[in-house]
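Okay, so here's the structure we're looking at.
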Amino acid sequence: VLGRAQAQGFAGADYDAVIIGAGMAGMTAARLLSKEGPGLKVLILEARDRVGGRMYTHPDRDVVPHGVEMGAQMIHGSKVATWELIKEFNIQTRPLSGYGAERDLVFRRGELAQAVDKESIEAAWDVVEAASAEYQGPDISWQSFLDSVDLTPLQRESLGSAAQSLSAEPNAVSLQSVMAMEGAWEESTDQNFQIIGGYSQLARKMAAELTCKIELNSEVNGVYWRPGLAGISYRSNGSTQTLTTKRLVITVPIGVLQSGALAIQPALPDWKQGSIDALEMGSAVVVQMLFRLENGKALFPESLSYFTADDRLSFTSPHGPRGDVQAISTWISGSSAEKVSRMGQEQGVAYLLSLLEAASGVEKLNEKLTWYQYKDWIKDPYSRGSYSFTRP
């Protein structure tokens, strides 16, 4: 089943290179191979019925012609590498005004706890950066380090939410990794941008210009390898297929690699397996909602940025009203995402509406909700989480 006989006994190979996964990593690998090795026979195997992986714009353009992101939300900064592709494919973007308000409104148990002043938070970051530069001990959790620094409770809580960017809890993620991320963030993130029409168009345009073949609905479940040759077993259209390749590039998320759903024989070298084991997959649930306007007026300000401290989730407005509706984007991470995931879609959305009502003061939102989409990345078998982070 794993192509063991083929990999052991076949002198040639079906392909020069096979790539598992047609997300951004897999398609980038294919682009590089086509440029650096013209004439190579390359195949991409993708389990989903689409390309793009965790870059996913909801396809219902009749309801949401502006594009509603269920995965990757935005371009973080004007200097990041994504712009090379944006410019190459002539994709339109716009600055995202919903992020970057002078104050974030923080709610606790349904009531406004305090508006977090960004000057206070920037001052707290200065204190933390200085303390981390002097710290000589072993890597510890982000929360443990914050507890040791002289901060106000609100500053500590706000900085703890930095782990939300990794879909992790502050007591689970590494101090060193947060500080490295913050340094890179400060260097590159001068402004957030939104792709007009959605991120999926970037993935589709990348796929369209690839010279190699992409097989969708092809779930790889086993690999048998030896130096110079690999046998691959995958399910396609209800039947098991096998093939061989001289080189194999595996780009599936860490959550899939750690799950054992992809059997690799013999086991990977210790140095490589150790790297996989040192990471952890973050948890995220994304819910996009459209609300009917009242008397032609928006229910929420366009610069909306609610963060519920108890539930580690945020409500933002990705753009102003369009037609007779207004969109609200909900990002839930860490233990809160796991809680919503356990609730399931119907109960989870009702729970989020109750929190949004409490935060915004707008009542009976369930009656104003005209459309929503729910994406649980934790239960997605081809990602098993949002993105990886490093433990202490």
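Computed from a prediction, not measured in an experiment: that's the story for all the values here.
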Does atom [atom1] of [X] have more than 12 heavy-atom neighbours, drawn from other residues, nucleotides or ligands, at distances under 6.0 Å?
{"X": "Arg247", "atom1": "CZ", "value": "no"}
{"X": "Lys379", "atom1": "NZ", "value": "yes"}
{"X": "Asn237", "atom1": "CG", "value": "no"}
{"X": "Lys368", "atom1": "NZ", "value": "yes"}

Spell out, as yes or no, whether a donor-acceptor pair under 3.5 Å connects the side chain of [X] to the backbone of [Y].
{"X": "Ser341", "Y": "Ile378", "result": "no"}
{"X": "Thr242", "Y": "Ser233", "result": "no"}
{"X": "Glu69", "Y": "Tyr199", "result": "yes"}
{"X": "Arg292", "Y": "Glu367", "result": "yes"}
{"X": "Asp139", "Y": "Pro392", "result": "no"}
{"X": "Ser336", "Y": "Ser333", "result": "no"}
{"X": "Gln155", "Y": "Thr152", "result": "yes"}
{"X": "Arg54", "Y": "Met24", "result": "no"}
{"X": "Glu357", "Y": "Leu365", "result": "yes"}

Is there a side-chain contact between [X] and [Y], using heavy atoms and a 4.5 Å cut-off?
{"X": "Ile232", "Y": "Thr244", "result": "no"}
{"X": "Tyr234", "Y": "Glu215", "result": "yes"}
{"X": "Glu84", "Y": "Glu88", "result": "no"}
{"X": "Ile121", "Y": "Leu159", "result": "yes"}
{"X": "Glu209", "Y": "Arg31", "result": "yes"}
{"X": "Val128", "Y": "Met179", "result": "yes"}
{"X": "Thr28", "Y": "Met206", "result": "yes"}
{"X": "Val68", "Y": "Met70", "result": "yes"}

Of all pairs that satisfy ring-ring contact (aromatic ring centres under 6.0 Å, His included), the ones with a partner from residues 255-298, not counting sequence neighbours: Phe291-Phe300

Working to the nearest 0.5 Å, report the span between [atom1] of [X] and [atom2] of [Y].
{"X": "Gln288", "Y": "Trp371", "atom1": "CD", "atom2": "CH2", "value": "7.5 Å"}
{"X": "Asp277", "Y": "Leu257", "atom1": "CG", "atom2": "CG", "value": "10.0 Å"}
{"X": "Leu43", "Y": "Thr245", "atom1": "CG", "atom2": "OG1", "value": "8.5 Å"}

Heavy-atom pair with the smallest gap, counting every atom of Gln73 and Ser329: OE1-OG, 3.5 Å

Closest non-hydrogen atom pair, Gly255 against Arg384: O-CD, 3.6 Å

Ring geometry between Trp331 and Tyr387 (parallel below 30°, tilted from 30 to 60°, perpendicular above 60°): parallel

Mutual orientation of the aromatic rings belonging to Trp125 and Trp142 [parallel < 30°, tilted 30-60°, perpendicular > 60°]: parallel

Is it true that [Y] and [X] share a donor-acceptor pair across their side chains at a distance under 3.5 Å?
{"X": "Tyr135", "Y": "Gln176", "answer": "no"}
{"X": "Asn171", "Y": "Ser141", "answer": "no"}
{"X": "Ser174", "Y": "Arg391", "answer": "no"}
{"X": "Glu46", "Y": "Tyr382", "answer": "no"}

Geometric cation-pi criterion Lys375 and Trp377, 6.0 Å radius, 45° cone: yes

Residues that Ser386 engages under side-chain contact (heavy atoms from CB on, under 4.5 Å), provided they are two or more places apart: Ser167, Ala284

